[in-house]
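Below you'll find the structure, written out as structure tokens, and then a few comments.
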Number of protein chains: 2
Amino acid sequence: MTNIRKVAELAGVSVATVSRTLKTPDIVSPATRDKVLVAVEQAGYRPNLTAVQFRSQRTRNLVVLVPIIANTFFARVIGGIQEAAQRRGYGILLCNTLGDERTERAYAGLVSTRQADGLIQLRAYDPFTTSRGKARPPMVNACEVLDEAPCPTVKLDNRAAARAVTEHLLALGHRRIGMIKGPRNSPLTRDRLLGFQDALAAAGLMPDESLWCPGDFTPPSGHRAAGELLSRADPPTAIFCENDEMAMGAMRRIKEAGLRVPEDISVAGFDDIAFASFCDPPLTTIAQPAEDFGREAVALLLDIIDDRVDAADEHRIMPFELVIRESTGPAA
Amino acid sequence: MTNIRKVAELAGVSVATVSRTLKTPDIVSPATRDKVLVAVEQAGYRPNLTAVQFRSQRTRNLVVLVPIIANTFFARVIGGIQEAAQRRGYGILLCNTLGDERTERAYAGLVSTRQADGLIQLRAYDPFTTSRGKARPPMVNACEVLDEAPCPTVKLDNRAAARAVTEHLLALGHRRIGMIKGPRNSPLTRDRLLGFQDALAAAGLMPDESLWCPGDFTPPSGHRAAGELLSRADPPTAIFCENDEMAMGAMRRIKEAGLRVPEDISVAGFDDIAFASFCDPPLTTIAQPAEDFGREAVALLLDIIDDRVDAADEHRIMPFELVIRESTGPAA
DNA sequence: TCCTTTTATGTAACCGGTTACATTTGACGG
DNA sequence: CCGTCAAATGTAACCGGTTACATAAAAGGA
């Protein structure tokens, strides 16, 4: 293996000089610098990064915990994280946790054991809970955020966004609005439900919990939930789905029942995934700046890692936009 | 920092004994073992992984180069990679390369510099090309594979799959079949095109290149390409798209033109993404075992890393399945 | 009982960089 | 020409594990 000592020998200088030439060239005389660079080239020398990491106690890696990477929205967030991290010289260690807390804690351990400098969690769970007393490793919680997060957060005002969607449906004359929810226990689901209720209350309507169906953010769950809503004696005239995947499942089910969207039933989603504008009919939904969630999370995390401590208690709210397409129309 | 020496002191043994207790407990006497474990617990000791990696020259990390993580199919492949890697104690360093060769080479450097033990490339490009003479770092090429890959590969028989789709369309009576291709220079696109031509030739039809439109695997490109095909004097009666995303874009465009799928035009895709069975109409497509591509790639890579060299020239062909849904029907 | 073998533990070198501190070299002023 | 100081370079300790080798203790055999 060509290591720094080989290069030093080849260049006829000490290892310290080689190290300095590569890290702080300005404090090395030009003549020596050239000699060393030639030797580096000649030996095909590449510094052993594990040695650098070990010595400097900095890995330039970030752990990212994502609940389901196959989810279009998360895939975009990860894209943003990766781009921002790479731009600043960091790599990302990705873990598709599937919501399993054991797995999340295991990966969080990579930070405790120095294999990564910080962690981005995209789910409402603190993988460092059990770490007693010790200083918390650098962490940022984004997308689905803990209520009392012990770290900076990046989120959407889900409540306001859900309210905006609901108000749009109300303005179209809908009064019986079904809701296809995300997984229970999720702050995200809770907030969207609150926003939904806010809008109903503001319009003087009583909430009807029998119109709320659980789902799990996948198309099949939306399909199933829509089936339940349609089989009622008094089906809703509009359905608000907590994400676009479920909305697409719901639209399919509605068509299978021989009904039309939006003439018979309006459907709204959340996220504005790439397919939202290409499904039939194009979906009314909430657009989120997915990549920006990732970029912002990286920026905050590096603020903590680099001890720009003023950032330690930052909570960013990202903007949303109600995108009205053709899946919502006047109540029948 | 609590390191192994602190623990040794606390337990009243040598550092070697602590190391052995944690790595090879069976060669340590039960009494000593207990003493050490108590000390480990008491000190809250976690071994510094960078030190372990440095010393053992093994990082238990794999680099994964993915062209576009936001692509549903790749997201599934990554899910499979992650699962298989995690099961065997490996982490993955993910890079969303966007097809940029500079970026790919930079990440490949993580292997050369010992920050990862191997690399999985999901695109037809060898990021180690410039490494002169040296032994090639462990690598596996999956999904879109180099023709003369210098490493094991995992791929689909794209040609046979495309042929199967085309034969299905021919059997329905279609004679003018449009094709929406993927990016040029992609072996994947070339092979699917070959399979398409194989089927036409077998049916005694002359290929008509004017019916081939370029795309880039995104819904908007499928939308655009379908627009071109529809604006012809003699539009095709069926369109074969090289992936489902483009097929969804194409179906949207067809409906915008006031035509029906499949009554007026049949559409077929490739990949069988989650939305394929939920779009309108559900899409006829080729199902690929996406997660298995990832799992298989990991298995092969670890075979190389662990010097089970017999695997060094393995080329796995994964199975496909033609899934016939409602987007294809008899020619008008 | 003494010697051999096995088992358990300790000592210290080692991995490949980084960097504090020591030393050398050269420039410059008096 | 000598002394002072800054710049350039060298020496070697250090990071925290792992492990070859040495040593000590215990078990077994004659």
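Letters A, B, ... are given to chains in the order of the sequence lines, protein chains preceding strands, and every chain is numbered from 1.
Arg5(B) has its CZ atom 14 Å from the P atom of dG10(C), to the nearest Å. For the pair Lys6(A) NZ and dG17(C) C1', the interatomic distance rounds to 14 Å; values are reported in whole Å. Rounded to a whole Å, the CD1 atom of Ile4(B) is 14 Å from the P atom of dT11(C). The interatomic distance linking Leu49(A) (CG) with dT18(C) (C1') rounds to 14 Å, in whole Å. Rounded to an integer number of Å, the gap from CZ of Arg46(A) to P of dG17(C) is 12 Å. In this structure, the CG atom of Asp34(A) is 11 Å from the P atom of dT9(D), given to the nearest Å. Distance, Gln53(A) CD to dC15(C) C1': 14 Å, rounded to whole Å. Following rounding to the nearest Å, Asp26(A) (CG) and dT9(D) (P) show an atom-to-atom distance of 13 Å.
An OP1 or OP2 oxygen of dA8(C) is reached within less than 4.0 angstrom by no side-chain nitrogen or oxygen of Thr32(B). Within the structure, a side-chain polar atom (N or O) of Gln57(B) is placed less than 4.0 Å from OP1 or OP2 of dG16(C). Not one side-chain nitrogen or oxygen of Ser56(B) sits closer than 4.0 Å to the OP1 or OP2 atom of dC15(C). Between Ser29(A) and dA8(D), a side-chain N or O to OP1/OP2 separation shorter than 4.0 Å is absent. At the phosphate of dG16(D), neither OP1 nor OP2 sits under 4.0 Å from any side-chain N or O atom of Asn48(B). OP1 or OP2 of dT19(D) lies within a sub-4.0 Å distance of a side-chain N or O belonging to Lys23(B).
Summary of the strand contacts: Ser14(A) and Ser19(B) both lie near DNA chain D, and taking for each the nucleotide with the nearest heavy atom, the more 5' one is attributed to Ser14(A). Each of Ala51(A) and Thr17(B) was matched to the nucleotide of DNA chain C holding its nearest heavy atom; the match closer to the 5' end belongs to Thr17(B).
For the 3.5 Å distance criterion, the side chains of Asp117(A) and Thr59(A) qualify, holding a donor opposite an acceptor. Judged by distance alone, the side chains of Tyr125(A) and Arg105(A) do bring a donor and an acceptor atom under 3.5 Å apart. Residues Asn96(B) and Gln86(A) have side chains that never bring a donor and an acceptor to within less than 3.5 angstrom of each other. Thr218(B) and Asp216(B) are linked by a side-chain donor-acceptor pair at a separation below 3.5 angstrom, with hydrogens and angles left out of the test.
Of the listed nucleotides (dG10(D), dA12(C), dT9(C)), dT9(C) has the atom at the smallest distance from the side chain of Val28(B).
No N or O donor and acceptor, one from the side chain of Arg55(B) and one from the base of dG16(D), sit under 3.5 Å apart. Taking 3.5 Å as the limit, the base of dG10(D) and the side chain of Arg20(A) contain a donor-acceptor pair of atoms between them.
Screening Val36(A), Leu10(A), Leu22(A) for a side-chain contact (heavy atoms from CB on, under 4.5 Å) involving Tyr45(A) leaves a single residue, Leu22(A).
Using a 4.0 Å heavy-atom distance criterion, Val15(A) is classed as a base contact.
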